[in-house]
Amino acid sequence: MGLPNVGKSTLFNAVTQTRKAMAANYRFCTIEPNTGVVTVPDERLDVLAKMSNSQKIVPAVFEFVDIAGLVKGASQGEGLGNQFLGHIREVDALIQVVRCFENSNIEHVMDTVDPVRDIEIINTELVLADLESVEKRKAKQQKAAKSGDKKIAAEVELLERIEAHLNTGKTVVTMDLPPEDKATARLFFLLTDKPTLFACNVAEEDLADADQNKYVRQVRDYVRQHHDTSAVVVSAEIESELVTLSAEERAEYLAGLGVTDTGASNLIREAYHLLGLRTYLTTGEKETRAWTIHAGDKAPQAAGVIHSDFEKSFISAECVSYDDLVAAGSFAKAREVGKLRTEGKEYVVQDGDVIEFKTFL
C-alpha cells in the first residue's frame, strides 16, 4: 500500500515474478487488488537438497496483495476511499511503499518528494477510519452494557482507551496493551492494528549507496521513533528489469550495479517474520521442503501442518538445527556427535529446525 505512483505495482510484479499488476504513470492505474503468491527466499533448501539428493525443492510461500493508491481524504471517500480501506481490512499485515527517489517524469500526487509527509498522510487516513469504526462500536456496546454484562463493559472501556490513543494521531499497533486486550482489539478489525513494514523505493543509481539517500535516512529515523518497526530499501525500477532475466543474467546485472540484491528478497523475509511466521525443514530423497508455522508453535502443531492426523497421533520429533546438521555433514554424523535430539509434545519448534516426526500408525 501507499500513495499513488510510489512503485507499489512495480514492486508487486517483481516480488511475485509476474506482470499481473498494471504499472503506469498515472493515479489509480490499480483499482481492483492484485493477488500473487510469493516464494520465501531460503538458501538452506538448496544445501539440504544436495545433502539428501532430493528430487525437488518446495519453498515456503505466502500471499501478497497490491492495493490501489490512497490519497488525502480517503477516509471521507476521496480517491477510491472506502473501497481502498475495505481491501486493507482483509489482510494480516501491511507493507507501506514510500517513494525515496526524484524523477520529474513520474508524477507525484503531492508534487514534491517528502516520504515522512507521505507516511503521515496515509497513517492519518487509517487513524480517521479507525476512529469512525471505534465510535460506532462503542455507541452500540454502551447500550448493551446497560444490562450489566461485565464482558461488554470491559470492551467499552478498551474502546475508550483506543479512541483516546487514536485521537493523539497514533496507530493502535503502537499501544502497550496486555495480551488479553490485544486479543480483544483484534476482533475490532482496525486498520492501524496491523503490523507494518516500510519499503523505501529508491532509484537504480541509489541502491548501492542507499544509506546515503537522505529520504531513506528520514524514513528510518521516523519509523524508529514512531513505529518501532523496520524500513527495508528496495529498487522497484531494477526489480522490474530483472523479472525476465535468468539467474546468471540477474547476477551479472546486479554486479554491474555494485550490489548482490535489490532488496526484494530481504523485503519478503521481513514480511514473513512480521506476520510471526517461521520455517522448519524436512529433507529426503523425494523432496526438501520448507514448512510454515507460527512463532511459538509446539512440535505437535508443527506436525499438523504436514497433515492433521500427524498432530493427533504425534509421538515425538527427531530434531537437529540446520547449522548443526550442515556442520556435521549428515544425519548419521549429527546423531553420532549428539546433535540429533528427540523432542516431545512441549518442544517449541525453532526456525531452521530440520525435523522428522514419529507418529502412531
Side-chain angles (χ1 to χ4, degrees), residues 11-18 36-64 95 197 199 207-208 210 230-236 238-239 241-295 297 302 305-306 317-334 337 339-340 349-356:
L11 186 58
F12 171 86
N13 287 339
V15 297
T16 58
Q17 297 291 294
T18 67
V37 174
V38 173
T39 298
V40 181
D42 196 335
E43 296 174 353
R44 299 173 297 190
L45 293 172
D46 292 320
V47 175
L48 292 179
K50 289 179 182 177
M51 183 182 295
S52 302
N53 293 315
S54 301
Q55 296 174 23
K56 66 176 181 177
I57 293 174
V58 184
V61 297
F62 63 127
E63 201 170 70
F64 269 48
I95 299 176
L197 177 68
L207 186 61
S230 54
V232 178
V233 175
V234 295
S235 177
I238 296 176
E239 286 291 354
E241 300 293 331
L242 297 177
V243 170
T244 59
L245 299 183
S246 67
E248 294 77 14
E249 291 171 330
R250 179 186 178 98
E252 184 178 344
Y253 185 97
L254 292 175
L257 296 173
V259 296
T260 56
D261 191 5
T262 61
S265 295
N266 190 35
L267 175 70
I268 294 169
R269 284 188 287 263
E270 287 281 344
Y272 189 76
H273 280 256
L274 185 72
L275 289 164
L277 303 178
R278 301 293 183 267
T279 300
Y280 76 85
L281 310 162
T282 57
T283 187
E285 289 187 9
K286 183 178 178 181
E287 68 176 26
T288 292
R289 180 185 289 255
W291 300 91
T292 298
I293 58 172
H294 287 88
D297 278 356
V305 173
I306 298 176
E318 282 203 328
C319 298
V320 58
S321 74
Y322 168 80
D323 290 337
D324 286 342
L325 177 58
V326 172
S330 69
F331 281 98
K333 188 65 177 178
V337 298
K339 295 299 184 180
L340 191 63
V349 176
Q350 302 300 304
D351 187 84
D353 276 350
V354 185
I355 303 179
E356 181 179 349

Can you find a heavy atom in the side chain of [X] that is under 4.5 Å from one in the side chain of [Y]?
| X | Y | answer |
| --- | --- | --- |
| D46 | I57 | yes |
| R250 | L254 | yes |
| H294 | L277 | yes |
| V37 | T16 | no |
| R44 | L281 | yes |
| S230 | E270 | yes |
| R278 | H273 | yes |
| L325 | F331 | yes |

[X] versus [Y], closest heavy-atom pair with distance:
| X | Y | value |
| --- | --- | --- |
| A199 | L11 | CB-CD2, 4.4 Å |
| A60 | A290 | N-CB, 3.6 Å |
| D261 | A264 | OD1-N, 4.2 Å |
| G258 | A208 | O-CB, 4.3 Å |
| S52 | G284 | CB-O, 3.6 Å |
| A302 | V349 | CB-CG2, 3.8 Å |

Atom pair [atom1]/[atom2] of [X] and [Y] - distance to nearest 0.5 Å:
| X | Y | atom1 | atom2 | value |
| --- | --- | --- | --- | --- |
| Y322 | T283 | OH | OG1 | 10.5 Å |
| Y280 | D351 | OH | CG | 12.5 Å |
| R289 | S54 | CZ | OG | 11.5 Å |
| E285 | Q55 | CD | CD | 7.5 Å |

Apply the test side-chain contact (heavy atoms from CB on, under 4.5 Å) to residues D42 and R269: give CA-CA distance (whole Å), side-chain angles for both, the deciding distance (0.1 Å), then the verdict. CA-CA 9 Å; D42 196 335; R269 284 188 287 263; over 6 Å; no
Indicate yes or no for a side-chain donor-acceptor contact from [X] to the backbone of [Y] under 3.5 Å, with no hydrogens or angles considered.
| X | Y | result |
| --- | --- | --- |
| T39 | V61 | no |
| D324 | S321 | no |
| E249 | S246 | yes |
| D353 | Q350 | yes |

Please lay out, stage by stage, how C319 and L340 fare under the test side-chain contact (heavy atoms from CB on, under 4.5 Å). CA-CA 6 Å; C319 298; L340 191 63; over 6 Å; no
Does the pair K286 and K56 meet the rule for a side-chain contact (heavy atoms from CB on, under 4.5 Å), with working shown? CA-CA 7 Å; K286 183 178 178 181; K56 66 176 181 177; 5.6 Å; no
List the steps and the verdict of side-chain contact (heavy atoms from CB on, under 4.5 Å) for L197 and L267. CA-CA 9 Å; L197 177 68; L267 175 70; 3.6 Å; yes
Any luck finding a side-chain donor-acceptor pair between W291 and T282 under 3.5 Å?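 Per modelled atom types, W291 and T282 side chains form a pair under 3.5 Å.
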For the aromatic rings, using the six-membered ring if either is Trp, is the centroid distance between Y272 and F62 under 6.0 Å?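 Here the rings of F62 and Y272 have centres that are less than 6.0 Å from each other.
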